[in-house]
Amino acid sequence: MMTYLIYFLLGLFAGRILRIIISCLPENQKIFSFQFCPKCGTKLRFFEMMSGISYLVDGGHCRQCGQLFILHKPIVELLTGILFVLCHAMFDSSLYMLKALIFTSFLIVISFIDYDHSLIYDKVLLPMAILGISLNLFIGGIKLPDMLIAGLLGGSIFLVLALVSKGGFGGGDIKFMASIGLWLGVKDTILCVLLSFIFGGLGAAVLLLLREKTMKDKFPYAPYIALASFITLLYGDFLVTWYYNWAFQVK
């Protein structure tokens, strides 16, 4: 139980960093500017830079001038903490867990920026792709040809969808799926694509029913790709086995 708490706290801290990145990238701000109160310039203490803990301690206000310095709701930090715990529960303390934590961090950054701004930055996708290849080669689970084929396959599927839908998918979605392929390999990339269609369809249906979006609006698709990717990374083998047993009635 203690290790789960440690990874949750680690996720809270990592989530703070991710939240800063999510806030800074669209505004072209310096990341280190968030170490200081935006009103009086007082340097924030460690816990003050973590919105969830800061809110519990002092209501999220600067101790010097009283300025509310929580930039967003602490959902990014809480989500990161929960996902880090799930990664630890699946992979324990191993190199695969390190891969899962880094992969999850990229998914969170890309998802929130795309949801807020409908943008997926190449300066995030490029290091994601490079780290995916490097970690897989170091761990040895997925070979380079498998990674390259998966990246090409995932990107090509979304490229075809973008052409058919005439703008329903953007170039960022295509490159995002290609980058994910480099992390997952061919088998899991296929599963990820299928799950992203399911989640994306359900998400779009809910937004339309709630009248949050119309058929003419552009849907941010990265969060659904990210959800499918995370589930595939952690539970892909289980899902494939379950489907095979269900489809072919294997006992």
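- Of the inter-residue distances, the one linking S118 atom OG with I113 atom CD1 reads 12.0 Å to the nearest 0.5 angstrom.
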Worked verdict on F91 versus L234 for side chain to side chain contact (heavy atoms under 4.5 Å, CB included): CA-CA 8 Å; F91 298 113; L234 265 64; 3.9 Å; yes
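- Remark: the backbone N or O of G170 is not paired with any side-chain donor or acceptor of Y221 at under 3.5 angstrom.
- For the atom pair CE of M97 and CZ of F103, the computed distance is 16.0 Å after rounding to the nearest 0.5 Å.
- Screening residues 224-244 for salt bridge (Lys or Arg N to Asp or Glu O under 4.0 Å) gives K187-D237 as the qualifying pairs, with residues at least two apart or on separate chains.
- Residue pairs meeting the salt bridge (Lys or Arg N to Asp or Glu O under 4.0 Å) criterion with at least one partner in residues 226-235, sequence neighbours excluded, do not occur; the list is empty.
- Here the side chains of L233 and D188 are not in contact, with every heavy-atom distance at 4.5 Å or above.
- With a 4.5 Å cut-off on side-chain heavy atoms, K175 and D122 count as touching.
- Under the 4.5 Å side-chain criterion, counting only non-hydrogen atoms from C-beta, V124 is in contact with Y121.
- Within a 6.0 Å radius of CZ in F199, other residues, nucleotides and ligands contribute more than 12 heavy atoms.
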Table please: side-chain donor-acceptor pairs of residues 140-160 below 3.5 Å, with sequence neighbours left out.
unit_1	atom_1	unit_2	atom_2	d
D146	OD1	V186	N	2.9
S156	OG	L152	O	2.6

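- No side-chain heavy atom of I75 sits under 4.5 Å from any side-chain heavy atom of R19.
- Partners of T241 under the side-chain contact (heavy atoms from CB on, under 4.5 Å) rule, at least two apart in sequence or in another chain, are N245.
- The heavy-atom pair separating A222 from I120 by the smallest distance is CB-CD1, 3.8 Å.
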Under the criterion side chain to side chain contact (heavy atoms under 4.5 Å, CB included), I'd like the reasoning laid out for L239 against I231: C-alpha separation, chi angles, the key distance, then a yes or no. CA-CA 9 Å; L239 290 175; I231 291 176; 3.8 Å; yes
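- Transitive grouping of hydrophobic side chains (ILVMFWY, heavy atoms separated by less than 4.5 Å) brings Y235 and V240 into a common cluster.
- Note that CD1 of I225 and CG of L107 are 10.0 Å apart. Values are rounded to the nearest 0.5 Å.
- In this structure, I22 and V109 approach most closely via the heavy-atom pair CG1-CA, 3.9 Å.
- Contact record, A162 with F169: CB-O, 3.4 Å, taken as the closest heavy-atom pair.
- The nearest pair of heavy atoms linking C192 to L184 is CB-CD1, 4.0 Å.
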Taking distance alone, no hydrogens or angles, what donor-acceptor pairs closer than 3.5 Å link side-chain atoms of residues 129-138 to residues at least two apart or in another chain?
unit_1	atom_1	unit_2	atom_2	d
S134	OG	I130	O	2.8
N136	OD1	K99	NZ	2.7
N136	ND2	G132	O	3.2
N136	ND2	L182	O	2.8
N136	ND2	W183	O	3.2

Could you go through Y96 and L98, starting from their C-alpha distance and side-chain angles, then the distance that decides it, and tell me whether this counts as side chain to side chain contact (heavy atoms under 4.5 Å, CB included)? CA-CA 5 Å; Y96 288 100; L98 176 63; over 6 Å; no
Side chain to side chain contact (heavy atoms under 4.5 Å, CB included) between F13 and E77, worked out: CA-CA 7 Å; F13 178 68; E77 295 167 14; over 6 Å; no
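- Interatomic distance, CD1 of I174 versus CZ of F176, reported as 13.5 Å (0.5 Å rounding).
- Remark: L10 CG to T3 OG1 distance equals 12.0 Å, nearest 0.5 Å.
- Residues L101 and S105 come closest through the heavy atom pair O-OG, 2.9 Å.
- S111 places no side-chain N or O within 3.5 Å of a backbone atom of I108 that could act as its donor or acceptor partner.
- With a 4.5 Å cut-off on side-chain heavy atoms, C87 and F230 count as touching.
- Listed here is the closest heavy atom pair of Y115 and P223: CB-CG, 4.3 Å.
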Donor-acceptor pairs under 3.5 Å, side chain of residues 78-86 to any protein atom, not counting sequence neighbours: which ones?
unit_1	atom_1	unit_2	atom_2	d
T80	OG1	V76	O	2.6

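- By the 4.5 Å heavy-atom criterion applied to side chains, I110 and M128 are counted as neighbours.
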